[in-house]
Amino acid sequence: MSSKIEELKKRRKKEFKKKKNQTHYGLILMVLALGIYFFLLVKGISYSSFWIIGLFIGFVLQKSRFCFTSSFRDFIMVGNTALFKAIIIAFMISTIGFAIVQYMNIDDIQNFSIENVVGKIHPVGIHTIIGALMSGIGMVIAGSCASGTLMRIGEGFLLQILVLVGFIIGTLLGANQFQFWDKLLIAQSPTIYFPQHIGFVKSVIIQLIVLAGLYILADWYDKKNNIMSM
Amino acid sequence: MKEVRIDCMHEICPIPLLKAMKELKKMAKGEILVLETNHSCSIANVVEWAKKQGHNVDYMEVSEGEWEIYIEK
(Lines give C-alpha, C1' and ligand atoms only; values in the text may rest on other atoms or scores of the structure.)
Protein backbone atom coordinates (compact mmCIF):
# COMPACT_ATOMS: atom_id res chain seq x y z
CA MET A 1 0.00 0.00 0.00
CA SER A 2 1.21 3.45 -0.85
CA SER A 3 2.54 5.64 1.95
CA LYS A 4 0.66 8.64 0.62
CA ILE A 5 -2.71 6.98 1.08
CA GLU A 6 -1.69 5.69 4.54
CA GLU A 7 -0.78 9.22 5.55
CA LEU A 8 -4.06 10.61 4.28
CA LYS A 9 -6.03 7.90 6.08
CA LYS A 10 -4.26 8.64 9.36
CA ARG A 11 -4.99 12.34 9.01
CA ARG A 12 -8.65 11.75 8.15
CA LYS A 13 -9.06 9.36 11.06
CA LYS A 14 -8.15 12.12 13.50
CA GLU A 15 -10.73 14.44 11.98
CA PHE A 16 -13.66 12.15 12.69
CA LYS A 17 -15.13 11.39 16.04
CA LYS A 18 -15.56 7.81 17.13
CA LYS A 19 -18.46 5.94 15.62
CA LYS A 20 -21.42 5.04 17.77
CA ASN A 21 -21.52 1.52 19.13
CA GLN A 22 -24.29 -0.45 17.40
CA THR A 23 -23.77 -3.82 19.09
CA HIS A 24 -26.92 -3.58 21.23
CA TYR A 25 -29.09 -2.91 18.15
CA GLY A 26 -27.58 -5.99 16.56
CA LEU A 27 -28.36 -8.09 19.63
CA ILE A 28 -31.97 -6.87 19.72
CA LEU A 29 -32.37 -7.73 16.03
CA MET A 30 -30.86 -11.18 16.58
CA VAL A 31 -33.31 -11.92 19.40
CA LEU A 32 -36.15 -10.65 17.20
CA ALA A 33 -35.06 -12.85 14.29
CA LEU A 34 -34.87 -15.90 16.56
CA GLY A 35 -38.31 -15.03 17.95
CA ILE A 36 -39.78 -14.95 14.45
CA TYR A 37 -38.02 -18.23 13.67
CA PHE A 38 -39.60 -20.00 16.64
CA PHE A 39 -42.98 -18.42 15.88
CA LEU A 40 -42.77 -19.79 12.32
CA LEU A 41 -41.59 -23.16 13.59
CA VAL A 42 -44.96 -23.51 15.30
CA LYS A 43 -46.95 -22.03 12.40
CA GLY A 44 -45.35 -23.84 9.47
CA ILE A 45 -42.02 -25.58 9.25
CA SER A 46 -41.26 -24.59 5.64
CA TYR A 47 -41.66 -20.87 6.38
CA SER A 48 -39.15 -21.09 9.20
CA SER A 49 -36.51 -22.58 6.91
CA PHE A 50 -37.26 -19.94 4.24
CA TRP A 51 -36.76 -17.29 6.93
CA ILE A 52 -33.35 -18.61 7.97
CA ILE A 53 -32.16 -19.19 4.39
CA GLY A 54 -33.34 -15.69 3.46
CA LEU A 55 -31.47 -14.14 6.37
CA PHE A 56 -28.26 -15.94 5.42
CA ILE A 57 -28.56 -14.98 1.75
CA GLY A 58 -29.10 -11.36 2.75
CA PHE A 59 -26.10 -11.46 5.07
CA VAL A 60 -23.79 -12.91 2.42
CA LEU A 61 -25.11 -10.48 -0.21
CA GLN A 62 -24.42 -7.47 2.01
CA LYS A 63 -21.04 -8.54 3.35
CA SER A 64 -19.67 -9.62 -0.01
CA ARG A 65 -21.10 -6.54 -1.76
CA PHE A 66 -22.20 -8.93 -4.44
CA CYS A 67 -24.20 -7.21 -7.15
CA PHE A 68 -25.93 -8.98 -10.02
CA THR A 69 -26.40 -5.70 -11.86
CA SER A 70 -22.72 -4.89 -11.71
CA SER A 71 -21.79 -8.39 -12.89
CA PHE A 72 -23.66 -7.92 -16.16
CA ARG A 73 -23.04 -4.18 -16.56
CA ASP A 74 -19.35 -3.80 -15.76
CA PHE A 75 -18.00 -6.20 -18.31
CA ILE A 76 -19.64 -4.13 -21.03
CA MET A 77 -18.93 -0.74 -19.43
CA VAL A 78 -15.36 -1.11 -18.15
CA GLY A 79 -14.39 -4.62 -19.22
CA ASN A 80 -14.40 -6.03 -15.72
CA THR A 81 -15.62 -9.62 -15.59
CA ALA A 82 -14.77 -10.64 -12.01
CA LEU A 83 -18.42 -10.76 -10.88
CA PHE A 84 -19.59 -12.21 -14.18
CA LYS A 85 -17.19 -15.13 -13.62
CA ALA A 86 -18.58 -15.53 -10.11
CA ILE A 87 -22.07 -15.89 -11.58
CA ILE A 88 -20.87 -18.52 -14.05
CA ILE A 89 -19.36 -20.50 -11.15
CA ALA A 90 -22.67 -20.16 -9.28
CA PHE A 91 -24.45 -21.55 -12.36
CA MET A 92 -22.04 -24.49 -12.46
CA ILE A 93 -22.66 -25.32 -8.82
CA SER A 94 -26.43 -25.04 -9.19
CA THR A 95 -26.33 -27.14 -12.36
CA ILE A 96 -24.78 -30.00 -10.42
CA GLY A 97 -27.07 -29.44 -7.43
CA PHE A 98 -30.25 -29.33 -9.50
CA ALA A 99 -29.17 -32.35 -11.53
CA ILE A 100 -28.81 -34.39 -8.33
CA VAL A 101 -32.14 -33.20 -6.89
CA GLN A 102 -34.03 -33.75 -10.16
CA TYR A 103 -32.40 -37.12 -10.82
CA MET A 104 -33.37 -38.38 -7.38
CA ASN A 105 -36.97 -37.25 -7.77
CA ILE A 106 -37.67 -38.94 -11.09
CA ASP A 107 -38.78 -42.57 -10.94
CA ASP A 108 -38.35 -43.60 -14.55
CA ILE A 109 -35.31 -42.03 -16.21
CA GLN A 110 -36.20 -43.22 -19.72
CA ASN A 111 -39.76 -42.02 -19.78
CA PHE A 112 -40.95 -39.06 -17.70
CA SER A 113 -42.97 -35.91 -18.24
CA ILE A 114 -41.61 -32.42 -17.54
CA GLU A 115 -44.41 -31.65 -15.10
CA ASN A 116 -42.97 -34.15 -12.62
CA VAL A 117 -39.49 -32.59 -12.59
CA VAL A 118 -38.59 -30.42 -9.60
CA GLY A 119 -37.70 -26.80 -10.31
CA LYS A 120 -39.02 -24.13 -12.62
CA ILE A 121 -38.93 -25.33 -16.20
CA HIS A 122 -40.69 -22.89 -18.48
CA PRO A 123 -41.20 -22.36 -22.21
CA VAL A 124 -38.39 -20.52 -23.97
CA GLY A 125 -38.97 -18.09 -26.83
CA ILE A 126 -39.07 -14.47 -27.89
CA HIS A 127 -40.69 -13.51 -24.57
CA THR A 128 -37.48 -14.62 -22.81
CA ILE A 129 -35.49 -12.10 -24.85
CA ILE A 130 -38.06 -9.31 -24.33
CA GLY A 131 -38.15 -9.96 -20.59
CA ALA A 132 -34.36 -10.10 -20.31
CA LEU A 133 -34.00 -6.81 -22.19
CA MET A 134 -36.63 -5.09 -20.03
CA SER A 135 -35.17 -6.27 -16.75
CA GLY A 136 -31.66 -5.41 -17.95
CA ILE A 137 -32.61 -1.81 -18.73
CA GLY A 138 -34.58 -1.57 -15.49
CA MET A 139 -31.85 -2.83 -13.22
CA VAL A 140 -29.15 -0.60 -14.64
CA ILE A 141 -31.34 2.50 -14.26
CA ALA A 142 -32.44 1.49 -10.76
CA GLY A 143 -28.88 0.59 -9.79
CA SER A 144 -29.78 -2.82 -8.42
CA CYS A 145 -31.67 -6.02 -9.03
CA ALA A 146 -34.45 -7.37 -6.83
CA SER A 147 -32.22 -8.87 -4.14
CA GLY A 148 -29.92 -5.84 -4.22
CA THR A 149 -32.85 -3.47 -3.74
CA LEU A 150 -34.00 -5.28 -0.61
CA MET A 151 -30.46 -5.58 0.74
CA ARG A 152 -29.77 -1.86 0.24
CA ILE A 153 -33.04 -0.81 1.86
CA GLY A 154 -31.89 -2.79 4.88
CA GLU A 155 -28.58 -0.97 4.71
CA GLY A 156 -30.37 2.37 4.80
CA PHE A 157 -29.91 3.56 1.25
CA LEU A 158 -33.21 5.40 0.92
CA LEU A 159 -33.23 5.78 -2.85
CA GLN A 160 -33.94 2.07 -3.11
CA ILE A 161 -37.33 2.50 -1.44
CA LEU A 162 -38.34 4.42 -4.54
CA VAL A 163 -37.04 1.51 -6.60
CA LEU A 164 -39.06 -0.91 -4.47
CA VAL A 165 -42.26 1.06 -5.20
CA GLY A 166 -41.49 0.86 -8.92
CA PHE A 167 -40.65 -2.81 -8.51
CA ILE A 168 -44.03 -3.55 -6.91
CA ILE A 169 -45.89 -1.55 -9.58
CA GLY A 170 -44.00 -3.44 -12.28
CA THR A 171 -44.72 -6.82 -10.72
CA LEU A 172 -48.44 -6.01 -10.41
CA LEU A 173 -48.57 -4.79 -14.02
CA GLY A 174 -46.76 -7.94 -15.11
CA ALA A 175 -49.23 -10.18 -13.29
CA ASN A 176 -52.08 -8.13 -14.73
CA GLN A 177 -50.81 -8.38 -18.32
CA PHE A 178 -49.62 -11.96 -18.08
CA GLN A 179 -52.55 -13.42 -20.03
CA PHE A 180 -51.79 -11.17 -23.01
CA TRP A 181 -48.19 -12.41 -23.19
CA ASP A 182 -49.26 -15.97 -22.49
CA LYS A 183 -51.66 -16.01 -25.44
CA LEU A 184 -49.32 -14.11 -27.75
CA LEU A 185 -46.01 -15.89 -27.10
CA ILE A 186 -45.59 -18.10 -24.07
CA ALA A 187 -48.23 -20.73 -24.81
CA GLN A 188 -46.87 -21.17 -28.32
CA SER A 189 -43.25 -21.57 -27.30
CA PRO A 190 -41.77 -24.99 -26.67
CA THR A 191 -40.57 -26.13 -23.27
CA ILE A 192 -37.13 -27.57 -23.76
CA TYR A 193 -35.64 -29.82 -21.13
CA PHE A 194 -32.38 -31.33 -22.32
CA PRO A 195 -32.33 -34.49 -20.16
CA GLN A 196 -35.54 -35.58 -21.86
CA HIS A 197 -33.81 -35.58 -25.24
CA ILE A 198 -30.21 -36.58 -24.62
CA GLY A 199 -30.23 -38.04 -21.12
CA PHE A 200 -29.18 -36.74 -17.74
CA VAL A 201 -25.41 -37.33 -17.69
CA LYS A 202 -24.83 -35.97 -21.19
CA SER A 203 -26.83 -32.79 -20.65
CA VAL A 204 -25.12 -32.02 -17.34
CA ILE A 205 -21.69 -32.54 -18.90
CA ILE A 206 -22.53 -30.41 -21.95
CA GLN A 207 -23.92 -27.62 -19.78
CA LEU A 208 -20.79 -27.64 -17.61
CA ILE A 209 -18.54 -27.54 -20.70
CA VAL A 210 -20.50 -24.59 -22.14
CA LEU A 211 -20.27 -22.73 -18.82
CA ALA A 212 -16.54 -23.46 -18.55
CA GLY A 213 -16.13 -22.14 -22.10
CA LEU A 214 -17.95 -18.95 -21.13
CA TYR A 215 -15.71 -18.64 -18.07
CA ILE A 216 -12.55 -18.90 -20.16
CA LEU A 217 -13.97 -16.37 -22.62
CA ALA A 218 -14.79 -13.95 -19.80
CA ASP A 219 -11.33 -14.39 -18.31
CA TRP A 220 -9.71 -13.72 -21.67
CA TYR A 221 -11.87 -10.63 -22.19
CA ASP A 222 -10.89 -9.31 -18.74
CA LYS A 223 -7.15 -9.67 -19.49
CA LYS A 224 -7.42 -8.28 -23.00
CA ASN A 225 -9.21 -5.21 -21.66
CA ASN A 226 -6.54 -4.70 -19.07
CA ILE A 227 -3.74 -4.61 -21.61
CA MET A 228 -5.66 -2.18 -23.83
CA SER A 229 -6.16 0.33 -21.04
CA MET A 230 -2.52 0.45 -19.95
CA MET B 1 0.83 16.39 -2.11
CA LYS B 2 -2.22 17.43 -4.01
CA GLU B 3 -5.55 15.75 -3.54
CA VAL B 4 -8.71 16.06 -5.55
CA ARG B 5 -12.03 15.52 -3.82
CA ILE B 6 -15.16 14.45 -5.69
CA ASP B 7 -18.59 14.20 -4.16
CA CYS B 8 -20.54 11.10 -5.14
CA MET B 9 -23.00 11.16 -2.23
CA HIS B 10 -26.39 9.64 -3.05
CA GLU B 11 -25.17 8.58 -6.48
CA ILE B 12 -25.79 4.97 -7.44
CA CYS B 13 -23.51 2.66 -9.39
CA PRO B 14 -22.04 3.21 -11.94
CA ILE B 15 -21.97 7.03 -11.55
CA PRO B 16 -19.16 7.08 -8.91
CA LEU B 17 -16.96 4.93 -11.14
CA LEU B 18 -17.65 7.08 -14.21
CA LYS B 19 -16.91 10.27 -12.25
CA ALA B 20 -13.65 8.77 -10.93
CA MET B 21 -12.56 7.73 -14.42
CA LYS B 22 -13.26 11.22 -15.77
CA GLU B 23 -11.44 12.95 -12.92
CA LEU B 24 -8.41 10.63 -13.00
CA LYS B 25 -7.85 11.44 -16.65
CA LYS B 26 -7.32 15.11 -15.77
CA MET B 27 -4.97 14.42 -12.84
CA ALA B 28 -1.20 14.20 -12.80
CA LYS B 29 0.79 11.19 -11.56
CA GLY B 30 1.17 11.03 -7.78
CA GLU B 31 -1.97 12.99 -7.01
CA ILE B 32 -4.64 11.41 -4.87
CA LEU B 33 -8.31 11.25 -5.72
CA VAL B 34 -10.70 11.19 -2.75
CA LEU B 35 -14.12 9.90 -3.64
CA GLU B 36 -16.93 10.36 -1.13
CA THR B 37 -19.76 7.87 -1.41
CA ASN B 38 -22.58 6.32 0.58
CA HIS B 39 -23.39 3.58 -1.90
CA SER B 40 -21.76 0.48 -0.46
CA CYS B 41 -21.53 -1.46 -3.71
CA SER B 42 -19.66 1.29 -5.51
CA ILE B 43 -16.77 0.52 -3.15
CA ALA B 44 -16.43 -2.97 -4.62
CA ASN B 45 -17.01 -1.49 -8.06
CA VAL B 46 -14.45 1.35 -7.91
CA VAL B 47 -11.78 -0.46 -5.87
CA GLU B 48 -11.89 -3.47 -8.20
CA TRP B 49 -11.54 -1.26 -11.26
CA ALA B 50 -8.71 0.85 -9.77
CA LYS B 51 -6.76 -2.25 -8.74
CA LYS B 52 -7.07 -3.63 -12.23
CA GLN B 53 -5.75 -0.38 -13.67
CA GLY B 54 -2.73 -0.67 -11.37
CA HIS B 55 -3.52 2.29 -9.12
CA ASN B 56 -2.86 2.25 -5.39
CA VAL B 57 -6.27 2.23 -3.78
CA ASP B 58 -7.83 1.97 -0.34
CA TYR B 59 -11.03 2.99 1.42
CA MET B 60 -12.24 3.88 4.89
CA GLU B 61 -15.63 4.30 6.56
CA VAL B 62 -15.60 7.90 7.76
CA SER B 63 -19.07 7.90 9.30
CA GLU B 64 -22.00 5.46 9.51
CA GLY B 65 -22.70 4.40 5.96
CA GLU B 66 -20.32 6.92 4.42
CA TRP B 67 -17.04 5.98 2.87
CA GLU B 68 -14.03 7.65 1.31
CA ILE B 69 -12.15 5.88 -1.44
CA TYR B 70 -8.54 6.92 -2.04
CA ILE B 71 -7.00 6.37 -5.45
CA GLU B 72 -3.42 7.34 -6.23
CA LYS B 73 -2.74 7.99 -9.86
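The sequence lines fix the lettering, A, B, ..., with proteins before strands; numbering per chain opens at 1.
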Item checked: Between A:Asp74, A:Leu158, A:Leu159, the one whose heavy-atom pairs under 4.5 Å with chain B are most numerous ->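 Looking at each of A:Asp74, A:Leu158, A:Leu159 in turn, A:Asp74 comes out on top.
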Notebook entry, point to check: Taking side chain as C-beta onward, heavy atoms only, is A:Cys67 less than 4.5 Å from A:Arg152?
Noted result: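 Side-chain contact under 4.5 Å: yes.
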Item checked: Side chains of A:Thr149 and A:Ser144, donor plus acceptor under 3.5 Å ->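 Yes, a side-chain donor-acceptor pair sits under 3.5 Å.
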Item checked: Any donor-acceptor N or O pair under 3.5 Å, side chains B:Tyr70, B:Glu72 ->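 No, no side-chain donor-acceptor pair sits under 3.5 Å.
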Checklist line | Residue B:Leu17 versus chain A: region with a heavy atom under 4.5 Å | finding: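 For B:Leu17, the contact with chain A is made by the side chain alone.
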Next item on the list: Could you look at B:Glu61 and say if it's the side chain, the backbone, both or neither that has a heavy atom under 4.5 Å from chain A?
Entry: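 For B:Glu61, backbone and side chain are both near chain A.
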Which bit of [X] is near chain B, if near means a heavy-atom gap under 4.5 Å: side chain, backbone, both or neither?
X: A:Ile141; result: backbone
X: A:Met77; result: side chain
X: A:Gln22; result: side chain

Notebook entry, point to check: Which residue out of B:Asn45, B:Ile43, B:Ile15 racks up the most heavy-atom pairs below 4.5 Å with chain A?
Noted result: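 Most pairs with chain A among the choices: B:Asn45.
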Checklist line | Largest heavy-atom contact set with chain A, pairs under 4.5 Å, which of B:Met60, B:Met21, B:His10 | finding: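 Ranked by heavy-atom pairs under 4.5 Å with chain A, first place is B:Met60.
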Notebook entry, point to check: Can a salt bridge be assigned to the pair B:Lys73 and B:Glu31 using a cut-off of 4.0 Å between side-chain N and carboxylate O?
Noted result: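 Here B:Lys73 does not pair with B:Glu31 in a salt bridge, since their nearest N and O are not under 4.0 Å apart.
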Note to self: Using 30° and 60° as the class boundaries, would you call the ring planes of B:Trp49 and B:His55 parallel, tilted or perpendicular?
What the structure shows: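 Ring orientation of B:Trp49 relative to B:His55: tilted.
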Notebook entry, point to check: Would you call the rings of B:His39 and A:Phe157 parallel, tilted or perpendicular, where under 30° means parallel and over 60° means perpendicular?
Noted result: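 Taking A:Phe157 first and then B:His39, their aromatic rings sit tilted (interplane angle of 30° to 60°).
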